[in-house]
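As structure tokens, the structure follows; a few thoughts come after it.
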Amino acid sequence: MEQGGGGRPLVEVRNLSVGFSASMGFFKKRTVSAIDDLSLAAWEGESLGVVGESGSGKTTLARVLVKLLRPHSGEVLFKGEDVLTQTRKEERVYRRKVQMVFQDPYESLNPRSTVWDAVEEPLLIHHVAGDRHSRGEMVERLVAMVGLDPGAVKHKYPHQLSGGERQRVSIARALAVSPDLLIADEPVSMLDVSMRIGILDLMLELKRKLGLTLIFITHDLGVARYFCDRIAVMYQGKLMEVARTEELLERPLHPYTKLLLDSVPVPGGAGPAPPEAVDADPRPAPAGCKFSPRCPYARDRCRGSAPDLTEVSRSRYAACYYPLTS
Amino acid sequence: MNRGYVLRRGFYAFITFLIVLVLNFAIPRVMPGSPVQYFANPRILPSLEAKLLTERFGLDKPIWTQFLLYLVGVFHWPPDLGVSYTFYPAPVWTVIMTYLPWTLLLVGTATVATAVIGIVIGILIGSKQGSKTDTVVTSASLFLWTMPFFWLGTILLWLFSIYFHVFPAGGAASPFLSKMPLLDQIGNIAEHAFLPGLTLTLAAFAGYSLMMRNTLVEELTQDYVTVAVAKGLSHRAVLFKHAARNAMLPMITLIGLNLGYVVSGALLVEVVFSYPGVGYLTYQAVLAHDYPLLQGLFFVLSMAVIIANFFADIIYSLVDPRVK
Amino acid sequence: MTENKRVTSGVLIIGIFVFMAVFAPWLTPYKPQVVSGSPYSPPSFQHWMGTDDLGYDVMSQVIYGARISLTVGFTVALAATSIGSLIGLLSGFYRGVVDEALMRFTDVILVLPSLPLAIILAAYLGPSVITIIEVLTLTSWPLVARVIRSQTLSLRERPFVDAARVAGASDARIMFKVIIPNLLSLIAANAVLAITGAVVGEAGLDFIGMGNPSVVSWGTMLYWSQNLGAVLRGAWWWILAPGLCIAFVGLGAVLISIGVENIFNPRLRGR
Amino acid sequence: MPLLELKNLSVAYRLQKGYLMAVDQVSMEVNEGEVLGIAGESGCGKSTVALSVLRILPKSARVTGAVAFGGEDVLTMGDERVRAYRWKHVALVPQGSMNAFDPVISVGAQIVEAIRLHESAGKEEAWRRARELFGLVGIPKERVTNYPHELSGGMKQRAAIAMALSLSPKLVILDEPTTALDVVVQKQILSLLARLQRELGVSFMFITHDLSVLAEVATRVAVMYAGKLVEVGPADVMFRSPSHPYTQALMRAIPNVHGDISQVKSILGTPPDLTSLPKGCRFSPRCPHSFGRCTVEEPRLLPSTTGSMAACHLVGG
């Protein structure tokens, strides 16, 4: 699908659906859909932001892309080739090409592995830099590349490092096997404010240097703005809007994007608060737009059927019958 | 109470029951030697009884037929678990049932006493974590916990019955029990059960108190405890109304799971005190190589534990609103 | 007590008993099963721990008895921990049907009263040390399996396991290079704790006559003292010595395992 | 007279060897009807300040200085008095209010518990008030009998606020009340707090690591760094023209959705280890303006030219 990118799509999902089965008492199971018929592409060399609240399915999407989770239906294409029907051998290659940085730096490094072990592990698994000596050099180079002093940290364990340092180690580890695609799942949300921009800057710099494509999962529109060329907004497993970052932030088309933007605290006091005291009802009308129960502009049509993602104006996509055009 | 949860637990209990059923059937048949050899009473005419047994259990028939006959026997009322040779010709079931009440009395009181004492001591040391009391009581509990309980029983027996003559040295009641007034009857039974019960309690309370202590220490760091203190509740109220109440929940499951151990402990303690429960019976069965009786004992005791565990699960679902 | 002090005192206690078992012939004043005094003599200079009904020296029996008790204790602990850890690891890692099947089975053995089960098995297999080892192993691995499974379940949900998977690690690598290193202290703690259970269990089986009564062990000493009415004759020394040894070995093991990992940690006992 | 006044408050935690100064000589006040925001990174001592106001610090803490509420010294109150003071005068919405409620008791019963502990209200009266409080914070009244796990994250947060308001206290301490929430729910909670403050005249002490949240609700803002108060002043001053280099750096470290982001810059280095603090100004190793005096002498809190108080050698001479 086009969705306003440029060049070739590096990775693409088509009609992706993912469900989890939730136990509903004895023997009864119910499928809760986490991603519902989603199509999205990341273009080579871009950084694509996926923004949404908890429960929007953004992390599920990331987990499908790194094959931690199998979708129920749909396709995942990497450089035009199907990812879901890979042989073991193809999967090994894929695992080199697609890497991920996780949200919680305190949990995503094995507490029993030193920095050295952590960075070396992917090299060992993928038989990169065969002999010990060249592997050692490579580990040192990677650790230095993410702004850490190899001599000082390589024999340290994660608990001896700060959150920011750990996240740098995770990045070094992800980049060890020179991937094409790096997926970052809220990489700075657990860090102190003063550390965040440092990590984002590092990732942007590495992206430029190494020609990476980035998919950046976040709930923070400000961070997405700082980091992303394009933003896809998700709500309850559906894409609501996809557009270039500045366009999306300046002139949101989808009421949900607008709600997100209005919710960002601004100095000097509150703009009109979003409808108070309505915690989102997790179960909207089964057929209608998922956002309709909370949407101030919803009409009967919205509750009756769900709109598809369509091109509203040039390279701007929204899934809404009544986009905010004016 | 959550119906789904109870049903699921009931289902698990049923599966456990089935496995016990199969185990009980399989053990004599997979062991070296023929089952007839085990089940026939060597004191009775072996050839005659062997013939009867072979007929009753179909021991010369295919394994499935044997299993079917076995099931028919078990689901019969009273269950047909074979004939004991120690008490020939009494059926195993009848023999066990005359001894079982004493064990239930012992295990029941010991379980309640262990839980109560364990939880109280757990709260005492858990709320004073790191203090001298904590260190001393914890160490003492650990030492009691690692003692062989039957040995502890022997020591208590020697001390209180032989040396000081405070308690009777054996049995479950005086021979003249039926001639006593009711109150004296109860007193007499309690007097006989006291030392074995004390032994079981001393040997087992530490498991609970140490678990309770650590659960409580963890609960005391939770946010809701901070809020309870901030609300102005006294130390006691915070401890008993909130922290201890939460810490007690895992105890229920633990008490259920531990029943198997308590029953095992009771068996040996009964031997020490010549207490006429199933433990004493087991001991006699072992000495006499009474295999049918041993099988029956294993079966009945397993059933009792499975049922008790199921009740522990139900109680848990009643007291914890979060049970799914 | 701090963790280190606990481990040190535990190791010291166990060490003394191991020393006793290994050097028994040099440490004992008499042969354990040779008449060396008059029957039922109380502790004296000749017999520090008195003599039994036949006039055998109790202290010599206690020292020799350590051999059987510790052999059974260590063997059972090793076997039960290995089986339990492996089953717990597989069950927790693969979840689903594998887990359900393994755990149902584990729960059955866990819930069943272990002694009656051990007794019927031992009754069929005949009294011997090997039987006791087999029977105790069979009844003690499930507890280890539960604890290890519960910890594996929570470990495999931790992001670093996902991170290893994304890095391309295979199931085997994740289990043995990522998860096991994080379980080592727990496995060690359980192995040591299993010694306590096994030593007490061995004594219990001996006591009820499931062992070989002609072999000298702490359990058979208690068996004979019970059967020959040591209590009624006031021969407290004959009863006291073997029991205290069992209790101290158990205490030593518990101290080590608490020091290594908090085995009373409520989080490990969840269902 | 300010409602709450902290004077040279210091809190030290006993460690295996020596002490850790979590809060070091902090003085600040909360006036009636205002929202004081306290911002800082993890480990800066902001939560410790909150706990010491209610005197619910762990036993290993050693407190010096003074905490005065309505002129009365909180630190020297007797046991009875301090229990009566808690919640009646100062209530708390704890960090991670997801766990603020006892999981096995219904939310309403926990509110009733607070009411009946301090006031001679009957059972029915207390329940009626609990339902009213639910209405006040925007939760359907019938959910008062729910257990905590039956409420969503946003609802639990509202219920925690309802419980804090149950005795109409003068001051409510909010410790990271929106951190675990999604932006939309966060916004709802923030506007709820603004409304409550307006309608009830209650004062808030709002503790957060996210300065941008304070922009919306705080009337005054205090910034802490490594146990020290580095700057405090009216919110508009703090957000428009912060004086302390740390406050400035914090402001620049947050990318916003509108306006200029070319100024967004990271702060170098990491906060110091409280057991081995740098000499002089604690921020000096990370400060772009640091000069000789900064590494020798600890700056005092002095009035700045913009109208705040700042602890920096570049401010106020």
Side-chain angles (χ1 to χ4, degrees), chain B residues 1-2 4-5 119 123 125-135 212 215-254 313-324, chain D residues 47 50-51 53-60 77 79-107 109-119 145-150 156 159-160 163-164 166-167 169 172-173 175-176:
Chain B
M1 178 157 59
N2 183 310
Y5 174 84
I119 287 170
I123 294 174
I125 54 182
S127 62
K128 291 184 181 165
Q129 186 217 356
S131 67
K132 275 246 158 62
T133 324
D134 182 17
T135 313
M212 183 70 190
T215 317
L216 184 66
V217 166
E218 196 165 296
E219 289 296 329
L220 283 172
T221 64
Q222 300 291 317
D223 279 336
Y224 73 82
V225 170
T226 312
V227 172
V229 177
K231 283 206 289 203
L233 263 67
S234 65
H235 179 69
R236 277 181 81 86
V238 173
L239 193 62
F240 288 104
K241 278 189 171 167
H242 295 285
R245 197 170 157 167
N246 274 280
M248 234 128 88
L249 294 180
M251 291 297 126
I252 296 170
T253 313
L254 194 66
D313 282 335
I314 290 180
I315 292 170
Y316 189 86
S317 78
L318 287 176
V319 292
D320 190 340
R322 289 164 298 182
V323 164
K324 289 197 263 330
Chain D
S47 291
L51 299 182
V53 172
L54 277 159
R55 238 180 76 185
I56 49 177
L57 287 162
K59 282 201 193 83
S60 67
M77 281 179 183
D79 273 3
E80 286 282 311
R81 177 72 196 119
V82 81
R83 286 210 297 274
Y85 150 82
R86 289 172 185 158
W87 220 257
K88 179 80 193 147
H89 298 294
V90 180
L92 172 74
V93 177
Q95 189 164 15
S97 343
M98 300 302 138
N99 308 316
F101 291 102
D102 187 331
V104 298
I105 302 176
S106 79
V107 175
Q110 298 184 52
I111 296 178
V112 166
E113 180 185 41
I115 295 173
R116 301 202 3 142
L117 187 68
H118 292 272
E119 290 172 15
T145 53
N146 279 179
Y147 286 97
H149 72 278
E150 294 167 331
K156 247 184 268 184
M163 185 157 77
S166 57
L167 297 163
V172 175
I173 299 173
D175 194 355
E176 302 272 12

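Convention: sequence-line order gives letters A, B, ...; per-chain numbering from 1.
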Cut-off 4.5 Å, heavy atoms of chain B, and the answer for Ile105(D) is side chain

Answer key: most heavy-atom pairs under 4.5 Å with chain D among Glu219(B), His242(B), His235(B) is His242(B)

Separation between NZ (Lys231(B)) and CG (Leu167(D)), nearest 0.5 Å, reads 9.5 Å

Correct closest heavy-atom pair for Tyr224(B) and Phe101(D) would be CB-C, 3.5 Å

When rounded to the nearest 0.5 Å, the distance separating CG of Asp102(D) from CZ of Arg245(B) is 7.0 Å

One option among Leu54(D), Ile173(D), Leu117(D) has the most heavy-atom pairs under 4.5 Å with chain B, and it is Leu117(D)

*asked:* Could you go through Gln110(D) and Val227(B), starting from their C-alpha distance and side-chain angles, then the distance that decides it, and tell me whether this counts as side-chain contact (heavy atoms from CB on, under 4.5 Å)?
replied: CA-CA 10 Å; Gln110(D) 298 184 52; Val227(B) 172; over 6 Å; no

Heavy-atom nearest pair, Ala230(B) first then Leu92(D), reads CB-CD2, 4.2 Å

CZ (Arg322(B)) and CD (Glu150(D)) are apart, to the nearest 0.5 Å, by 11.5 Å

Test Val104(D) against Leu249(B) for side-chain contact (heavy atoms from CB on, under 4.5 Å), laying out the working first. CA-CA 10 Å; Val104(D) 298; Leu249(B) 294 180; 3.5 Å; yes

If one checks every heavy atom of Leu233(B) against chain D at 4.5 Å, the contacting part turns out to be both

Cut-off 4.5 Å, heavy atoms of chain B, and the answer for Glu113(D) is side chain

Taking every heavy atom of Pro103(D) against every heavy atom of Asn246(B), the minimum-distance pair comes out as CG-OD1, 3.3 Å

Under 4.5 Å to a heavy atom of chain B? For Ala114(D) that would be both

Rounding to 0.5 Å, atoms OG1 (Thr226(B)) and CG (Leu51(D)) come to a distance of 7.0 Å

